[in-house]
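This chain uses plain numbering: 1 for the first residue, then up along the sequence.
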Amino acid sequence: MLQDTTGRRVLLVENEAMIAMLVEDMLEDLGHDLATVATRLEEALGHAITAALGPKL
């Protein structure tokens, strides 16, 4: 049985711009909220620590 994951906030980490855009479109089509896109692990960790993944205002 698949769990409904629609509406999740997602932090996308991808260093290839075209792949990131493709995945971003797919996530939005699936009903997810894209918090941000990071190209490097260090950048992603910074976003995860800050309000980028916190509750929506």
Rounded to the nearest 0.5 Å, what separation is found between the [atom1] atom of [X] and the [atom2] atom of [Y]?
X     : Y     : atom1 : atom2 : value
Leu45 : Arg40 : CG    : CZ    : 11.0 Å
Leu27 : Arg8  : CG    : CZ    : 12.5 Å
Glu24 : Asp29 : CD    : CG    : 10.5 Å
Thr36 : Arg9  : OG1   : CZ    : 9.5 Å

Do the side chains of Leu22 and Leu30 join up, straight or via other hydrophobic residues, at under 4.5 Å, putting them in one cluster?
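Different clusters.
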Tell me the closest heavy-atom pair linking Val13 and Ala44, and the distance in Å.
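Smallest interatomic distance, heavy atoms only, reads CG2-CB, 3.4 Å.
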What closest approach, in Å, do His47 and Ala38 show between heavy atoms, and which atom pair accounts for it?
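So the two residues come closest at CD2-CB, 4.2 Å.
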Salt bridge (charged side-chain N to carboxylate O under 4.0 Å, His left out) partners for Glu16, two or more places apart
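With neighbours one apart ignored, the set is empty.
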With the side chain counted from C-beta on, respond yes when Leu34 and Leu12 share a heavy-atom pair under 4.5 Å apart, and no when they do not.
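They are in contact (side-chain heavy atoms under 4.5 Å apart), so the answer is yes.
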